[in-house]
2 protein chains.
Amino acid sequence: MPKISRPRSCTRCPYQYKYLNLLGNENISSIQNNCMIIHFKRGENIIKQGTDVTHAFYLAQGLVSLFIEGEKRNLILKIKKAGDYIGLQTLFGDLKYRYSVSALEDSMVCMIKSGIFLETSKKNPDFLFEIMRGISLSYNYMYKKIKDINCKQLRGRMADVLLYFSEELYHSKSFEVPMTRKEMAQFASMSMENAVRILSEYKKEGIITVEGRKITILEEEILKRISELG
Amino acid sequence: MPKISRPRSCTRCPYQYKYLNLLGNENISSIQNNCMIIHFKRGENIIKQGTDVTHAFYLAQGLVSLFIEGEKRNLILKIKKAGDYIGLQTLFGDLKYRYSVSALEDSMVCMIKSGIFLETSKKNPDFLFEIMRGISLSYNYMYKKIKDINCKQLRGRMADVLLYFSEELYHSKSFEVPMTRKEMAQFASMSMENAVRILSEYKKEGIITVEGRKITILEEEILKRISELG
DNA sequence: TATAAACATTGATACATATCAATATTATAT
DNA sequence: ATATAATATTGATATGTATCAATGTTTATA
């Protein structure tokens, strides 16, 4: 069960709540008064595909995955980390969620009622503008993701996943993957068995080392070439 | 070669330029002064993947396809019709296009310099707000598209394409597809040969009739079931 | 601590889909 | 009008990838 609390002071937010500095004090307190802080444990559902869009989310701490639930399989589109907003891209459409979000690590999330968020952003063009920038960037990410799914094959997609962890998320050639093999497979859009198989191949080929969830990239250049060639 | 001209009066735009009514006269004339009207012929490129984002587009007349160019194949993500904006989803990120847009029919496009568009929208929250709504909706469409690609197989995806033409674009069970078989294949994310094959199958099964580009849906319910079952 | 449940691994097999090939048809250009 | 290229069609084949099955390993639970 998620633990719920209320923020003490959003003005002095210790989690660097983004773009809040662009708002006046009155707007910040309006957000604060309509904000809930919720703690999720690994595996818990933050957004459930098919439900109404009611809140904007800010991931103060933790790590979550955004994924589409399909009949046959899920597809993890994106990992969101501390400091990221969640759900802004579809906040303005007044619709139902087309994706789910769940916690990969214990996470702390600020939920702001969508109405308040919309009002505030309407009153503060600079704020809204930054939101739009974020949406544009995330759109570009989506295009890349679709392109990769459409063009690359298994080895290329798994290389992308490994490089994402190494370069984007952990900034290290050695890291502990924050998910199960099944989730890695969903992130790379393939079956779990093939995900395992390809990791084993890379291991045999001396490109990476694998010990459970601990992975080290030995031959980054080769991995990048595999990613580029697809 | 695209033919270029300038708008006479955007205030009395005959093409129902969306949300312009939310702007004051001074803003409209600012847009008008920074707007070019361009005529594209079928097949011509409106936006080229990889180039800089410099303009917002409004499709006054015609029909265009938005697609991702891949090494092996292209993927048509969306058809845009008269009255649609193009390129807003990534206008605010100040980046390069991750997709291409080309004319399926002879089209007339208004190009507004991105800077002007951004300025105007910053000064007019209501306008910006409507833009955001559009982006949210189009995001939802993307999620659906990705889900379909990820989950459905050939027959289901081709059913989707046919139903899209019938229900969304032409509002008729009988229509002339605005593209080649190859493009239909790219729209349904499959090889051209399989696109043709599946159309032939549907024909043999009495679900549709096909004469060149002219297609008539005979058994809509069956097609819908194929689409749902994937 | 025992026992079940979830997760991970590897090989064998089945299947969906792309690719190749041959040919017909239509559109475009000289 | 004729040549040439683009488009469309169908069947045969190759290939990538999922699925199935068996087994080992780790994690959660009673």
Does any N or O donor sit under 3.5 Å from an N or O acceptor when you compare the side chain of A:R197 with the base of C:dG11? yes
Side chain of [X], heavy atoms from C-beta onward: which of [options] has the nearest atom to it?
{"X": "B:R157", "options": "C:dT19, C:dT17, D:dA8", "result": "C:dT17"}
{"X": "B:L154", "options": "C:dA18, C:dA12, D:dT10", "result": "C:dA18"}
{"X": "A:M190", "options": "D:dA18, C:dT19, C:dT10", "result": "D:dA18"}
{"X": "B:S191", "options": "D:dT10, D:dA8, C:dA18", "result": "C:dA18"}
{"X": "B:Q153", "options": "D:dT19, C:dA16, D:dT10", "result": "C:dA16"}

Before we go on, tell me: are the rings of B:F187 and B:Y164 under 6.0 Å apart, centre to centre? yes
Please report the distance, rounded to the nearest Å, between CD in B:Q186 and P in D:dA8. 12 Å
So what does A:T180 hit on the nucleic acid, given a heavy-atom distance under 4.0 Å: a base, only sugar-phosphate, or nothing? sugar-phosphate
Looking for any heavy atom pair under 4.0 Å, which part of the strands does A:M192 touch: base, sugar-phosphate only, or nothing? base
Assess whether a salt bridge exists between B:E219 and B:K173, defined as any Lys/Arg side-chain N lying under 4.0 Å from an Asp/Glu carboxylate O. no
Whether B:D106 and B:R42 form a salt bridge (side-chain N of Lys/Arg under 4.0 Å from carboxylate O of Asp/Glu) is what I want to check. no
So, is B:R181 close to the D:dT9 phosphate, meaning a side-chain N or O under 4.0 Å from OP1 or OP2? yes
May I ask you to establish whether A:K78 and A:Y141 are in a cation-pi arrangement, using a distance under 6.0 Å from NZ or CZ to the six-membered ring centre and at most 45° from the ring axis? yes
Of B:R42 and B:N194, whose closest DNA chain D nucleotide lies nearer the 5' terminus? B:R42
